[in-house]
Amino acid sequence: MHLIHVTTAAAVTLSVAGVSYAALDPAKLEASARVVADQATCRTVDSAIVAYAGVHGAAPRTVADLAGYVKGDITAYRIVDGLAAGPGC
C-alpha cells in the first residue's frame with residue numbers, strides 16, 4: 001500500500017467521524033426537538049377546541065380557555081368563528 005493511500009484513507013475516516021459527531025450531537029438534537037415539540041399546531045388547537053366544547057357545551061372564547069387541553073405554546077393562535085387561526089392555519 002502506498003503512503004498516499006494511507007493518508008487519503010485517514011483523512012476520509014477522520015472527516016466522516018467529525019461530520020457524524022457534529023450531526024449526532026445529542027445535546028443539540030435534544031434542545032432542537034424540545035423547541036419543536038413545545039410548539040402546537042393548528043390541528044392541535046382545533047382538537048382542543050373540540051374537547052373544550054364537548055366538556056363545557058360551548059365553544060371557548062379565547063385560547064386561554066384551552067390551557068388545560070393543550071401541551072405546548074398556543075399564544076400565537078386565536079379563535080375565529082370557533083376554529084383556530086394562526087400560523088399554518
Side-chain angles (χ1 to χ4, degrees):
M1 205 173 205
H2 293 62
L3 184 59
I4 191 69
H5 293 167
V6 173
T7 305
T8 304
V12 169
T13 302
L14 288 175
S15 65
V16 168
V19 169
S20 297
Y21 178 77
L24 297 176
D25 183 14
K28 185 176 180 181
L29 289 175
E30 180 183 356
S32 176
R34 286 188 186 277
V35 168
V36 171
D38 285 341
Q39 296 173 352
T41 63
C42 212
R43 185 177 206 161
T44 303
V45 178
D46 279 336
S47 296
I49 291 170
V50 170
Y52 181 93
V55 170
H56 297 283
R61 300 185 69 193
T62 65
V63 291
D65 295 337
L66 302 176
Y69 297 89
V70 178
K71 286 185 178 180
D73 183 18
I74 60 172
T75 57
Y77 294 92
R78 62 191 187 288
I79 299 173
V80 177
D81 297 327
L83 297 172
C89 296

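We use all heavy atoms of the structure for the numbers below, so side chains are in, but hydrogens, waters and symmetry mates are not.
Of all heavy-atom pairs between A76 and P87, the closest is O-CD, 3.5 Å. Closest heavy-atom contact between L83 and I49: C-CD1, 3.9 Å. Listed here is the closest heavy atom pair of C89 and Y77: SG-CE2, 3.9 Å. A pairwise comparison of heavy atoms in P60 and L66 identifies CG-CD2, 3.6 Å as the closest pair.
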Would T44 and S47 count as a side chain to side chain donor-acceptor pair (under 3.5 Å) here? Give the steps. CA-CA 5 Å; T44 303; S47 296; over 6 Å; no
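A search for ring pair (Phe, Tyr, Trp, His ring centres under 6.0 Å) contacts involving Y69 returns Y52, not counting sequence neighbours.
Side-chain contact between T62 and I79: absent, with no pair of heavy atoms (C-beta onward) separated by less than 4.5 Å.
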